[in-house]
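All of these numbers come straight from a predicted model, not from anything done at the bench.
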Amino acid sequence: MTPQESAVAARLRDLSIAFERFEHPPVATVEEAAQYWAPIGAMHCKNLFLRNQKGNRHYLVVLVHSKKADLRAVADQIGDGKLSFASPERLATHLGLTPGSVSPFGLINDRSRAVRVVIDRDLKSAVRLSFHPNINTATYVVTGVDFARFLDICGNTVQYVTI
């Protein structure tokens, strides 16, 4: 287990959040991960780390893995201007992550709570959700209720949108 994953596992245990762990080869995209997710009974998620045009606000967008995010529509719903993908440097600075392992669990590294979380409304009804544990060689499954509690405890601003 890598230090990144160990930190996630420890935080979830501290919060009494149960999780299932599934190990797999490194995957950088949803398409690569799909074959390993097939036997896992959960709503699989895609996570995008974005910034606004001025670069003074950062967003973690979490959506159903099979959807494509219309960044203009997301920007309109959250009341911000043009959104674009943030650089690997910004990702490392704000969430302590590298491309290919973007995950809501990266919020454990956002001590200033600067990253705003934007969630696909369709995830609200999911019984089980899956995410990388800040590294792309494993997938963790948590309940939807525990995921909502995790977000609440992290303290970042959370907004639900239609994607």
Same cluster (ILVMFWY, side-chain, under 4.5 Å), V102 and V30: no
Membership question, hydrophobic clusters at under 4.5 Å side-chain separation (ILVMFWY): are L12 and I135 in the same one? no
Residues which pass side chain to side chain contact (heavy atoms under 4.5 Å, CB included) with K68, listed by chain and number, not counting sequence neighbours: none
First locate atom CE of M43, then atom OG of S66, and finally report the distance between them rounded to the nearest 0.5 Å. 8.0 Å
For P133 and F105 the tightest heavy-atom approach is CA-CD1, 4.0 Å
Under the side-chain hydrogen bond (donor to acceptor under 3.5 Å, both in side chains) test, which residues partner R21, sequence neighbours left out? E5, E23
Within the structure provided, determine whether F147 and L151 are in side-chain contact (heavy-atom separation under 4.5 Å). yes
Whether R111 side chain and I108 backbone form a donor-acceptor pair below 3.5 Å: yes
Taken to the nearest 0.5 Å, the spacing of R90 CZ from T93 OG1 works out to 8.5 Å
Side chains of P104 and N47 in contact at under 4.5 Å (non-hydrogen atoms): yes
Would you say V27 and V64 are hydrophobically clustered, going by side-chain heavy atoms of ILVMFWY under 4.5 Å? no
Quick check: closest heavy atoms across S103 and L97, and the distance to 0.1 Å? N-CD1, 3.6 Å
Under the ring-ring contact (aromatic ring centres under 6.0 Å, His included) test, residues paired with H58 that sit two or more places apart: F49, H94
Say you draw a straight line from NE2 of H65 to OG of S130; how long is it, rounded to the nearest 0.5 Å? 8.5 Å
S6: partners by side-chain hydrogen bond (donor to acceptor under 3.5 Å, both in side chains), with sequence neighbours left out: none
Taken in chain and number order and not counting sequence neighbours, the residues that satisfy side chain to side chain contact (heavy atoms under 4.5 Å, CB included) with T162 are Q77, R121
Quick one: list whatever passes ring-ring contact (aromatic ring centres under 6.0 Å, His included) with Y36, sequence neighbours left out. H24
Does I153 share a hydrophobic cluster with V158, counting links as ILVMFWY side-chain heavy atoms below 4.5 Å and allowing steps through other members? yes
Non-hydrogen side-chain atoms of L129 and V141 separated by less than 4.5 Å: no
Where is the tightest heavy-atom contact between Q35 and P39, given as atom of each residue plus distance? O-CD, 4.1 Å
Salt bridge (charged side-chain N to carboxylate O under 4.0 Å, His left out) involving R51 - partner list, sequence neighbours excluded: none
K82: partners by salt bridge (charged side-chain N to carboxylate O under 4.0 Å, His left out), with sequence neighbours left out: none
Rounded at 0.5 Å granularity, tell me how far CG in N136 sits from OG1 in T139. 9.0 Å
Can L107 and V117 be said to form a side-chain contact (heavy atoms from CB on, under 4.5 Å), step by step? CA-CA 9 Å; L107 295 171; V117 182; 3.7 Å; yes
Nearest non-hydrogen partners of A75 and G81, listed with the distance: CB-O, 3.1 Å
side-chain hydrogen bond (donor to acceptor under 3.5 Å, both in side chains) contacts touching residues 151-160 (sequence neighbours left out): D110-N156
Which ILVMFWY residues can you reach from V161 by hopping between side chains whose heavy atoms are under 4.5 Å apart? L48, L50, Y59, V61, L63, L71, V74, I78, L83, F85, V118, I163
With side chains defined as the heavy atoms from C-beta onward, is the minimum distance between V145 and F150 less than 4.5 Å? no
Ring-plane angle category for H44 and W37, please: parallel below 30°, perpendicular beyond 60°, tilted otherwise. parallel
Do S101 and N134 have side chains that get closer than 4.5 Å, going by heavy atoms? no
Taking L123 as the starting point, is it possible to reach I40 by hopping between hydrophobic residues whose side chains are less than 4.5 Å apart? no
Which residues pass the side-chain hydrogen bond (donor to acceptor under 3.5 Å, both in side chains) test with K67, not counting sequence neighbours? D120, D122
Centre-to-centre under 6.0 Å for Y140 and F131, is that the case here? no
Minimum-distance pair of heavy atoms, taken over all atoms of M1 and A9: SD-CB, 4.4 Å
Could you check R116 against L60 for side-chain contact (heavy atoms from CB on, under 4.5 Å), going step by step and ending with a plain yes or no? CA-CA 6 Å; R116 299 170 186 207; L60 175 64; over 6 Å; no
Residues forming a salt bridge (charged side-chain N to carboxylate O under 4.0 Å, His left out) with R128, sequence neighbours excluded: E20
R149 and D146: salt bridge (charged side-chain N to carboxylate O under 4.0 Å, His left out), yes or no, with the steps? CA-CA 5 Å; R149 192 164 62 83; D146 278 342; 3.5 Å; yes
